[in-house]
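Report on the following structure.
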Amino acid sequence: MQYFNSNTVLYLNGDLVKASEAGTDLYSQSLHYGYAVFEGIRAYSTHNGVRVFKARAHYERLKRSCELVHIPFPWDINDLIRQTYKVLELNNLKDAYIRPLVYCGPNMSLSSPTEVNIMIGAWEWAAYLGNKQLKVGISSYQRPNPKSMPMEAKVSAHYVNSILATTEAKSKGFDEAILLDMNNHVAEAPGANIFVEKNGKLYTPPAGHILPGITRATVIQLCRRLDIECIERVLTVEDLKNADSAFFCGTAVEIAGIKSVDETVFPLKWQDSIGATLQRTYKCLVLEKQNYEVII
Ligand code: PMP
């Protein structure tokens, strides 16, 4: 995967610069300790032009993530949104993935930083997990204890846990992992939230041990609009394996159906599931198409 070429431009600390000429300090606290905060945002080519989906919510979460781990955030969100559109335009990107990253300057101590940087890069990226239904496995790794790290913050260091879980899942022949929390309750995927369907209702783990995603919030909102009952509740592995259907959701994965968990195959056909309806509706929403599907 090539993220940039000799013409690519990114936003770095107030300037639009060539990606091939931008660099970072090898003594950056972020590089040594994973002490950085980032976002993952998508832009879509809509009939209203290129639109960055939920741009404000993502930059507000970037700011909140910084606050939660004591990284200063001296930037204006409106300006960052404007710069994001500029990055897309200058690189002629329409359907794209956008990666804002806040990283620290040189500092080998374990104190909060005085120097912070922000970069916004973008590249073309297809569906993260493809468009097939996924075979997933319960990970032997757990999500970190929220008393060790604020789990609602999107901090780079958290993603070592995600990389370990995905690598393990793939080595066992699964497409992706599901991580439990420290209480052995279902938490989330390494880069997505999870919903399960049972008897015509949806369930999703509550905030606390997860990154409560912007897509998750969108799904909950769509459920209200479509009159689908959606309940935030602690889920056991048994709840998950006894479900009729399940799906992941996230900015990168969008909505991705799950075929099986370990050896358990979900009984409901994906096309008949609430997840499939939400998948179509989500697509309409991000593409700014008006005709939301209504379930009668
Ligand atoms: N959980 C984790 C661990 C993630 O990395 C992501 C992706 N940001 C999500 C959930 C989904 O969040 P969002 O819908 O905001 O992309």
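If you read the sequence from its start, that first residue is 1, and numbering goes on from there. Order of appearance sets the numbers: ligands from 1, and atoms from 1 within every ligand.
A side-chain contact (heavy atoms from CB on, under 4.5 Å) with Thr281 holds for exactly one of Val219, Leu226, Thr218; it is Leu226. Asp175 pairs in a side chain to side chain donor-acceptor pair (under 3.5 Å) with only one of the listed residues (Lys132, Lys259, Lys135), which is Lys132.
With a 4.5 Å cut-off on side-chain heavy atoms, Pro150 and Val69 count as touching.
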Distance-only criterion, 3.5 Å: show the donor-acceptor pairs between side-chain atoms of residues 239-253 and protein atoms not counting sequence neighbours.
unit_1	atom_1	unit_2	atom_2	d
Asp239	OD2	Arg233	NH2	3.3
Asp239	OD2	Thr236	N	2.9
Asp239	OD2	Thr236	OG1	3.2
Lys241	NZ	Asp262	OD2	2.9
Asn242	ND2	Glu238	O	3.3
Asp244	OD2	Asn199	N	2.8

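Ring pair Phe73/Tyr59: centre-to-centre distance not below 6.0 Å.
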List ligand 1's nitrogen or oxygen atoms that come under 3.5 Å of a protein nitrogen or oxygen, with the partner atom and distance.
unit_1	atom_1	unit_2	atom_2	d
ligand 1	1 (N)	Glu188	OE1	2.6
ligand 1	5 (O)	Lys154	NZ	3.3
ligand 1	5 (O)	Tyr159	OH	2.5
ligand 1	8 (N)	Lys154	NZ	2.8
ligand 1	14 (O)	Ile214	N	3.3
ligand 1	14 (O)	Thr215	N	2.9
ligand 1	14 (O)	Thr215	OG1	2.6
ligand 1	15 (O)	Arg61	NH1	2.8
ligand 1	15 (O)	Arg61	NH2	2.9
ligand 1	15 (O)	Ile214	N	2.7
ligand 1	16 (O)	Thr251	N	2.9
ligand 1	16 (O)	Thr251	OG1	2.7

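Judged by distance alone, with hydrogens and angles left aside, the side-chain atoms of Ser273 form a donor-acceptor pair with the main-chain N or O of Ala276 at under 3.5 Å.
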